[in-house]
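Here's the structure, in structure tokens; my notes come after.
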2 protein chains.
Amino acid sequence: MSPITWQSVKDEALRRIRNRDWPPGGQIPHEADLAAELGCSRVTVNRALRELAEAGLLERRRKAGTRVPLNPVRKATFEIPIIRHDIEGRGLTPGYRLISQQMHPAPGTLAQRLHLAPDTALLQVMALHLANDAPFCLEDRWINPASVPDLAAADFTTISANEWLVQNAPFSGGEIGFSATPATASDAAHLGCAPNDALFTVTRITWAGTAPITSVRLTYAPGYQMLTLI
Amino acid sequence: MSPITWQSVKDEALRRIRNRDWPPGGQIPHEADLAAELGCSRVTVNRALRELAEAGLLERRRKAGTRVPLNPVRKATFEIPIIRHDIEGRGLTPGYRLISQQMHPAPGTLAQRLHLAPDTALLQVMALHLANDAPFCLEDRWINPASVPDLAAADFTTISANEWLVQNAPFSGGEIGFSATPATASDAAHLGCAPNDALFTVTRITWAGTAPITSVRLTYAPGYQMLTLI
DNA sequence: CAGTGGTCTAGACCACGGT
DNA sequence: CCGTGGTCTAGACCACTGT
């Protein structure tokens with residue numbers, strides 16, 4: 001009557017992997033065998049092994065069975081917070097200032113990356129996020145009005161485009177890139193740092209199906225670090 | 001006899017969220033009701049809604065039910081590749097050069113971060129990863145011999161500590177940080193860039209249970225970008 | 001072809017936590 | 001207290017893919 005949980009099966013499997021009872025490169029027993037051995041149903045074993053496979057600690061293929069990878073590619077998850085919440089989470093007081101907001105034809109490379117016709121009219125929004133009144137993050141964003149019907153109703157003087165879009169334009173997918181870039185003259189002026197300072201930069205494009213919603217470049221003041229548990 | 005899959009339930013739920021059939025802040029029907037409506041079992045609905053909750057698109061609490069969050073905090077996963085594979089994945093030819101390898105007492109702040117007694121003996125390994133013979137990434141690592149029994153058998157002249165540890169010291173958890181740092185004189189010399197150039201930097205600490213395994217600082221040559229799908 | 005993981009079902013009990 | 005999600009079971013069929 002021991003209540004075997006998928007979590008306990010997962011822990012036991014982890015133990016065997018670390019302990020090399022299941023050696024790297026080797027196959028592990030079938031779900032049915034494990035279920036019999038551990039005294040639980042196959043579904044329970046399946047749930048446990050599936051999670052380990054999603055974390056990169058096992059490789060599963062039909063017919064071929066389940067193996068311990070020689071070079072596990074670990075996966076980690078990170079959150080994409082609203083910038084204001086990121087600031088609050090660091091124990092600082094958030095602030096916000098709209099810098100500019102204007103319709104522009106999309107520059108060539110941007111139009112290409114968004115799969116739009118050249119010179120499609122987009123709304124460019126630039127804003128500065130503050131933490132304890134000090135510059136925290138510069139938001140340089142292009143929004144596709146065709147994907148965001150209510151865009152005209154948005155007032156980016158009081159709410160950041162970052163936050164408004166999270167609430168009003170759910171995305172289905174996209175890509176996000178992290179890099180280090182030297183501060184441009186504009187970056188330096190807005191963030192209050194020196195030109196060429198090393199700035200942590202996030203570039204993100206999001207889509208609703210195949211329609212582009214927005215492209216944004218977030219440039220953080222010197223010293224910013226993005227932390228995640230793995 | 002329609003084969004309703006958890007994936008199709010997930011898609012339908014996503015559609016209702018995007019469509020605001022389930023408005024932000026509102027509760028959605030119970031699992032049992034949805035199962036009846038969609039003509040599948042409750043377990044199938046559970047799997048679908050659980051995944052959406054893990055992605056940050058729903059909030060679930062016992063008794064309180066399931067809600068659409070007003071400010072969804074989207075989660076994304078990224079892979080932690082072996083550096084050599086990262087290079088190969090970019091279509092470049094990887095190279096590797098050991099710079100130094102020596103036992104040192106742990107510096108104070110490091111010992112503290114690793115929860116070790118000050119001056120605990122650690123192995124410091126510095127190495128350079130190359131892509132098409134050009135500097136790609138500088139690896140500055142401290143390894144705790146107490147957590148890695150076979151450490152003496154490792155030959156870091158032929159295999160990087162990065163890769164060897166992945167194969168020989170599975171970790172149970174840790175933390176990873178991303179930032180932009182100005183190139184130090186040492187960084188610049190090894191990476192062939194100018195001092196104070198903006199460098200993408202990854203800091204990672206890993207643990208086996210409560211025992212620290214390694215602390216590493218990866219400094220990438222200018223222009224590096226870490227890309228992830230969301 | 002046949003073995004393995006992937007998934008669905010119906011029913012059941014349990015844990016948490018609002019009321 | 002009691003409604004809701006969390007999970008387990010036994011059995012079944014299916015989809016993929018290596019041999």
Side-chain angles (χ1 to χ4, degrees), chain A residues 1-14 16-17 21-70 72-73 75 77, chain B residues 1-14 16-17 21-70 72-73 75 77:
Chain A
M1 308 303 109
S2 46
I4 310 273
T5 66
W6 64 265
Q7 189 70 50
S8 71
V9 174
K10 185 178 173 180
D11 291 344
E12 171 62 13
L14 263 177
R16 295 187 184 187
I17 293 171
D21 296 336
W22 294 342
Q27 246 183 41
I28 76 170
H30 312 151
E31 288 188 351
D33 290 351
L34 273 175
E37 180 202 333
L38 300 173
C40 64
S41 88
R42 190 164 79 87
V43 182
T44 305
V45 173
N46 180 275
R47 170 89 187 261
L49 299 189
R50 180 177 13 108
E51 295 220 349
L52 290 173
E54 282 166 3
L57 284 159
L58 288 177
E59 284 174 356
R60 320 196 76 195
R61 283 204 317 251
R62 282 162 152 133
K63 169 75 179 178
T66 302
R67 304 184 147 274
V68 181
L70 283 172
V73 178
K75 275 87 171 175
T77 69
Chain B
M1 310 305 109
S2 45
I4 310 273
T5 66
W6 65 265
Q7 188 72 50
S8 71
V9 174
K10 185 178 174 181
D11 291 344
E12 171 62 12
L14 262 177
R16 294 187 185 186
I17 293 171
D21 296 336
W22 294 342
Q27 245 181 43
I28 76 170
H30 313 150
E31 289 188 352
D33 291 351
L34 273 175
E37 180 203 333
L38 299 173
C40 64
S41 87
R42 189 163 79 87
V43 182
T44 305
V45 173
N46 180 275
R47 169 90 187 259
L49 298 189
R50 182 183 4 116
E51 296 221 347
L52 290 173
E54 281 167 3
L57 283 158
L58 288 176
E59 284 175 356
R60 321 197 75 195
R61 284 205 315 254
R62 283 163 152 132
K63 169 76 178 176
T66 302
R67 303 183 148 276
V68 181
L70 283 171
V73 178
K75 275 89 171 175
T77 69

Partners of [X] by side chain to side chain donor-acceptor pair (under 3.5 Å), sequence neighbours excluded?
X: Arg67(A); result: none
X: Gln7(A); result: none
X: Asp21(A); result: Asn19(A)

Donor-acceptor contacts under 3.5 Å from residues 47-55 of chain B side chains, at least two apart:
unit_1	atom_1	unit_2	atom_2	d
Arg47(B)	NE	Glu51(B)	OE2	3.4
Glu51(B)	OE1	Lys10(B)	NZ	3.2

Between [atom2] of [N] and [atom1] of [X], the distance in whole Å:
X: Lys10(A); N: dC8(D); atom1: NZ; atom2: P; answer: 13 Å
X: Leu58(A); N: dG5(C); atom1: CG; atom2: C1'; answer: 13 Å
X: Trp6(A); N: dG6(D); atom1: CH2; atom2: P; answer: 11 Å
X: Arg50(A); N: dT4(C); atom1: CZ; atom2: C1'; answer: 16 Å
X: Glu51(A); N: dG5(C); atom1: CD; atom2: C1'; answer: 16 Å
X: Arg47(A); N: dG6(C); atom1: CZ; atom2: P; answer: 14 Å
X: Arg67(A); N: dG18(D); atom1: CZ; atom2: C1'; answer: 12 Å
X: Glu59(A); N: dG6(C); atom1: CD; atom2: P; answer: 13 Å

Footprint string (nucleotides 10-19 of chain C, 5' to 3'): B base within contact, S backbone only, - free, heavy atoms under 4.0 Å: BBB--BBBB-

Any pair counted as salt bridge (charged side-chain N to carboxylate O under 4.0 Å, His left out), so long as it reaches residues 55-66 of chain A, sequence neighbours left out: Glu31(A)-Arg60(A)

Just to confirm, is there a sub-4.0 Å distance from OP1 or OP2 of [N] to any side-chain nitrogen or oxygen of [X]?
X: Thr44(B); N: dT9(C); result: yes
X: Asn46(A); N: dG6(C); result: yes
X: Arg60(B); N: dG6(D); result: yes

Terminal axis angle for the helix from dC1(C)-dG18(D) to dG18(C)-dC1(D), five pairs an end, nearest 10 degrees: 20°

Please list, chain by chain and in numerical order, all residues satisfying side chain to side chain contact (heavy atoms under 4.5 Å, CB included) with [X], sequence neighbours excluded.
X: Thr77(B); value: Thr77(A)
X: Pro23(A); value: none
X: Val68(B); value: Ile17(B), Trp22(B), Ile28(B), Leu58(B)

Validation row: Leu14(B), Leu57(B) side chains within 4.5 angstrom (heavy atoms): yes

Contacting residues from residues 26-36 of chain B, given that a heavy atom lies under 4.0 angstrom of DNA chain C: none

Nearest-0.5 Å distance that lies between atom OG in Ser41(B) and atom CG in Asn46(B): 9.0 Å

Nearest non-hydrogen partners of Val9(A) and Ile4(A), listed with the distance: CG2-CG2, 3.7 Å

